[in-house]
Amino acid sequence: MTKTVVVYHSGYGHTKRVAEYVSEGAAGELLAIDAEGNLPEGGWEKLQAADAIIFGTPTYMGSPSWQFKKFAEASSKAWLARAWQDKVFGGFSNSASFNGDKAVSLIALQTLASQHGGIWVSLGQLPSNSKAAQRTDLNNLGGSVGLLVQSPSDASVEEIPQGDLDTAKAYGQRVAQVAARLG
């Protein structure tokens with residue numbers, strides 16, 4: 001059995017809800033980065049013990065939140081020790097806009113995983129991009145590198161489009177399945 005940890009920062013609760021769906025799909029464990037950019041006690045050990053790590057962050061001003069960036073920079077100790085070498089990685093980002101430059105955040109997450117010597121898992125789904133496509137469809141934002149989620153700026157946590165949440169759960173399953181095959 002593989003162990004997956006979803007490490008994420010959420011500023012307003014939307015990214016946390018997405019992380020819950022990703023974690024459910026992966027049968028994984030949630031690990032929240034707090035408002036100061038820190039992990040809880042024992043957090044680094046949980047990441048060390050994981051077979052797969054899925055990064056999650058909102059996209060603010062075209063990049064991951066500063067709290068996530070602080071976590072990423074703090075991971076340099078694990079990087080130097082090659083502690084995450086050959087682990088399976090994935091990532092997701094949420095923003096209020098359909099685009100919101102989330103792709104930039106995903107590339108930052110993919111780069112972080114690559115710096116650690118990790119194996120990145122793409123979304124692996126065709127986009128729902130026909131005229132008949134709905135916000136309830138899987139991958140309706142058309143991502144490839146990782147999971148894209150859109151939460152309108154005036155929407156509550158409960159109003160995240162169901163297609164994005166279903167895609168989140170499916171992505172968590174995919175990352176866990178890849179980790180199991182490689183494990």
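This chain uses plain numbering: 1 for the first residue, then up along the sequence. Both backbone and side-chain heavy atoms feed into the values below; hydrogens, waters and symmetry mates do not.
In this structure, CG on D164 lies 10.5 Å from OG1 on T136, to the nearest 0.5 angstrom. Taken to the nearest 0.5 Å, the CG atom of N94 stands 8.5 Å off from the OH atom of Y60. Taking CG of D51 as the start and CG of D86 as the end, the distance is 12.0 Å to the nearest 0.5 Å.
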Donor-acceptor contacts, no H, no angles, side chain residues 174-183, under 3.5 Å, sequence neighbours left out:
{"residue": "R174", "atom": "NE", "partner": "S122", "partner atom": "O", "Å": "2.7"}
{"residue": "R174", "atom": "NE", "partner": "L123", "partner atom": "O", "Å": "3.3"}
{"residue": "R174", "atom": "NH2", "partner": "S122", "partner atom": "OG", "Å": "3.2"}

Kindly list each side-chain donor-acceptor pair under 3.5 angstrom involving residues 16-28, sequence neighbours excluded, with atom names and distances?
{"residue": "R17", "atom": "NH1", "partner": "V157", "partner atom": "O", "Å": "2.9"}
{"residue": "S23", "atom": "OG", "partner": "G28", "partner atom": "O", "Å": "2.9"}
{"residue": "E24", "atom": "OE2", "partner": "K169", "partner atom": "NZ", "Å": "3.1"}

Show me the donor-acceptor pairs, under 3.5 Å and distance only, between side chains in residues 38-50 and residues at least two apart or in other chains.
{"residue": "N38", "atom": "OD1", "partner": "K70", "partner atom": "NZ", "Å": "3.2"}
{"residue": "K46", "atom": "NZ", "partner": "E29", "partner atom": "OE2", "Å": "2.8"}

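The backbone N or O of S156 sits less than 3.5 Å from a side-chain atom of E159, completing a donor-acceptor pair.
Within the 4.5 Å cutoff, side-chain heavy atoms of P58 are placed close to those of H9. T167 is listed as a side-chain neighbour of L147, based on a closest heavy-atom distance under 4.5 Å. A 4.5 Å side-chain heavy-atom check between V5 and K87 finds every atom pair outside the cut-off.
Residues that satisfy the side chain to side chain contact (heavy atoms under 4.5 Å, CB included) test with A103, not counting sequence neighbours, are absent from this structure. Among residues two or more places apart in sequence or in another chain, the side chain to side chain contact (heavy atoms under 4.5 Å, CB included) test is passed with S93 by T57, T59, K102, S105. Residues forming a side chain to side chain contact (heavy atoms under 4.5 Å, CB included) with N99 (at least two apart in sequence, or on another chain): D101.
F55 and Y8 have their aromatic ring centers separated by at least 6.0 angstrom.
Considering every non-hydrogen atom in both L138 and Q125, the closest pair reads CB-OE1, 3.6 Å.
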